[in-house]
K.L.:
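The structure under discussion is supplied below as structure tokens; questions concerning it will follow.
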Number of protein chains: 2
Amino acid sequence: MKDIKHFLRQNSLRPTKQRVIIASYLFDGVNKHVTAETLSNKLLKMKAGISLATIYNTLHDFYEKGLLKKLMINSDRIYFDTNTEHHHHFYSKKDQKLIDINVDMKVSGLPKPPKNKKINKIEVLVHLDN
Amino acid sequence: MKDIKHFLRQNSLRPTKQRVIIASYLFDGVNKHVTAETLSNKLLKMKAGISLATIYNTLHDFYEKGLLKKLMINSDRIYFDTNTEHHHHFYSKKDQKLIDINVDMKVSGLPKPPKNKKINKIEVLVHLDN
DNA sequence: CAATACATTAGAATCGTTCTAAACTGATAT
DNA sequence: ATATCAGTTTAGAACGATTCTAATGTATTG
Ligand SMILES: [Mn+2]
Ligand SMILES: [Mn+2]
Ligand SMILES: [Zn+2]
Ligand SMILES: [Zn+2]
């Protein structure tokens, strides 16, 4: 509890009740992929009713501070990833679930980017069938 | 015109006026990435006012027949790709533009998929900076 | 304990997409 | 051809994820 408040302060975020609850869930040491909806459901199960507006605000605040990564994989929801290292994913459309690929992968045969463009990052998404 | 009607019939699609217009634009030999909105704008410029509902219906009908690929890259719009071969993309968030990568690329070091799951396809997305 | 800047919230607004239901049209049979 | 009917188009409503608004609440600092 003390460490989470300290952690939030270190990231220029006021340790409000809601932020402490959300941060202690998200940053408990186990990497997670959440959407606003899955996070809201999880918080409800923990008897912590936090408004959707606050959930969206908090996810974006954490993202702006670099504590979360945003994943645009799906056209109808934004995933937030507590693993901020560069990594890749398995994705099961059926389960709407992401699984980290933490091993080093190499992409070979990449062509040059178009004129005046620089490569920012390479993302590999491995779609699963079932 | 005759070939497009024939092409639509071959794909069990009635060659209506709107479908002929949309198909002759999409399948003119030059691969394209369109959204409902960019397609609508293009059709307006061609003096072909087709309702958004029909544009959505038609894109999905073509998709169901395997004439288009759906790309879920961005959380706020669905891209349809006239290149139905397996391939990868450069993506410029700034321009909201996709560019095909048609050369053979290889991904090495891929771990095994989770138990009971099979790999469907591997998608490489190369994000561009500017 | 003020004072104040920042945060939370319910509900409205937004926007891409999907749905509805009525009008229309291409294909087929007579 | 004309009638028939299933399939298609359309305007507008509905939907759902996300963002905005503006009123209320709270953490921080003096
Ligand atoms: Mn989706
Ligand atoms: Mn987007
Ligand atoms: Zn991840
Ligand atoms: Zn493509």
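Each chain gets a letter, A, B and so on, in the order the sequences are listed, and its residues count up from 1. Because the structure is predicted, anything quoted here is derived from the model rather than measured.
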K.L.:
Starting at CG of A:N74 and ending at P of D:dA17, how long is that distance when rounded to a whole Å?
P.N.:
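Distance, rounded to whole Å: 11 Å.
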
K.L.:
What is the distance, rounded to the nearest whole Å, between atom CZ of B:R9 and atom C1' of D:dG7?
P.N.:
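About 14 Å, once rounded to whole Å.
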
K.L.:
Give the rounded distance in Å between these two atoms: CZ of B:R19 and C1' of D:dT9.
P.N.:
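Those two atoms, CZ and C1', are 10 Å apart.
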
K.L.:
Going by ring pair (Phe, Tyr, Trp, His ring centres under 6.0 Å), name the pairs with one or both residues in residues 26-47 of chain A, residues two or more places apart or in two chains.
P.N.:
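Applying ring pair (Phe, Tyr, Trp, His ring centres under 6.0 Å) to every pair that reaches into residues 26-47 of chain A, excluding sequence neighbours, yields A:F7-A:F27, A:F27-A:F62, A:H33-A:H89.
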
K.L.:
Which side chain to side chain donor-acceptor pair (under 3.5 Å) pairs, counting each pair once, include a residue from residues 51-61 of chain B, with sequence neighbours left out?
P.N.:
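Found B:R19-B:D61, B:S51-B:T54.
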
K.L.:
Give me the other members of the hydrophobic cluster that B:I122 sits in, counting Ile, Leu, Val, Met, Phe, Trp and Tyr linked by side-chain heavy atoms under 4.5 Å, directly or via other members.
P.N.:
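Its cluster mates, by chain and number, are A:F90, A:I99, A:I101, A:V103, A:M105, A:V107, A:L110, A:I119, A:I122, A:V124, A:V126, A:L128, B:F90, B:I99, B:I101, B:V103, B:M105, B:V107, B:L110, B:I119, B:V124, B:V126, B:L128.
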
K.L.:
Tell me every residue that passes salt bridge (charged side-chain N to carboxylate O under 4.0 Å, His left out) with B:D28, counting only those two or more places apart in sequence or in another chain.
P.N.:
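Once residues adjacent in sequence are excluded, the partners of B:D28 under the salt bridge (charged side-chain N to carboxylate O under 4.0 Å, His left out) criterion are B:K32.
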
K.L.:
By side-chain contact (heavy atoms from CB on, under 4.5 Å), which residues pair with A:E64, not counting sequence neighbours?
P.N.:
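By the side-chain contact (heavy atoms from CB on, under 4.5 Å) rule, A:E64 matches no residue at all.
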
K.L.:
Let me know the distance between CD1 of B:I55 and P of D:dA11, rounded to the nearest Å.
P.N.:
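My rounded result for the distance is 11 Å.
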
K.L.:
Considering only heavy atoms from C-beta outward, does the side chain of A:K69 approach that of A:F80 to under 4.5 Å?
P.N.:
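No, every pair of side-chain atoms sits at 4.5 Å or beyond.
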
K.L.:
Is there side-chain contact between A:L125 and B:L125, with heavy atoms separated by less than 4.5 Å?
P.N.:
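Of all side-chain heavy-atom pairs linking B:L125 with A:L125, none is under 4.5 Å.
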
K.L.:
Under the side chain to side chain donor-acceptor pair (under 3.5 Å) rule, what pairs show up with a residue in residues 101-121 of chain A, not counting sequence neighbours?
P.N.:
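Those involving residues 101-121 of chain A are A:N83-A:N102, A:K117-B:D95, A:N120-B:D129.
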
K.L.:
Answer yes or no: is there a side-chain heavy-atom contact under 4.5 Å between B:D81 and B:D100?
P.N.:
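Side-chain contact under 4.5 Å: yes.
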
K.L.:
Rounding to a whole Å, what distance do you find between B:I21:CD1 and D:dT9:C1'?
P.N.:
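Taking atom C1' of D:dT9 as the reference, CD1 of B:I21 is at 12 Å.
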
K.L.:
To the nearest Å, how far apart are A:M72 CE and D:dT18 C1'?
P.N.:
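Those two atoms, CE and C1', are 11 Å apart.
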
K.L.:
Where along residues 35-53 of chain A does a heavy atom fall under 4.0 Å from DNA chain C?
P.N.:
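The answer is A:I50, A:S51, A:A53.
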
K.L.:
Hey, does B:I78 have a side-chain heavy atom less than 4.5 Å from the side chain of B:T35?
P.N.:
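Of all side-chain heavy-atom pairs linking B:I78 with B:T35, none is under 4.5 Å.
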
K.L.:
Decide yes or no for B:Y79 and B:M72: does some side-chain heavy atom of the first lie under 4.5 Å from some side-chain heavy atom of the second?
P.N.:
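No, their side chains stay 4.5 Å or more apart.
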
K.L.:
Among residues 10-18 of chain A, which contact DNA chain D at a heavy-atom distance under 4.0 Å?
P.N.:
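Contacts with DNA chain D under 4.0 Å: A:R14, A:P15.
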
K.L.:
In this structure, how many angstroms lie between the P atom of D:dT8 and the CG atom of B:L59, rounded?
P.N.:
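After rounding, the reported distance stands at 15 Å.
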
K.L.:
Which residue pairs satisfy the salt bridge (Lys or Arg N to Asp or Glu O under 4.0 Å) criterion with at least one member in residues 34-48 of chain A, sequence neighbours excluded?
P.N.:
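For residues 34-48 of chain A, and leaving out neighbouring residues, the salt bridge (Lys or Arg N to Asp or Glu O under 4.0 Å) pairs sorted by first residue read A:E37-A:R77.
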
K.L.:
If you compare every side-chain N and O of A:Y56 against the phosphate oxygens of D:dT18 (OP1, OP2), does one of them come in below 4.0 Å?
P.N.:
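Answer yes for this pair, as a side-chain N or O of A:Y56 is under 4.0 Å from OP1 or OP2.
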
K.L.:
Contact list please: residues 61-71 of chain A against DNA chain C, heavy atoms, distance less than 4.0 Å, in numerical order.
P.N.:
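Of all residues in residues 61-71 of chain A, none places a heavy atom under 4.0 Å from DNA chain C.
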
K.L.:
Tell me every residue that passes side chain to side chain donor-acceptor pair (under 3.5 Å) with B:H127, counting only those two or more places apart in sequence or in another chain.
P.N.:
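Applying side chain to side chain donor-acceptor pair (under 3.5 Å) to B:H127 gives A:E123.
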
K.L.:
Taking any atom closer than 4.0 angstrom to a non-hydrogen atom of chain A, what span of DNA chain C does the protein reach, first nucleotide to last?
P.N.:
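The footprint of chain A covers C:dA5 to C:dA10.
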
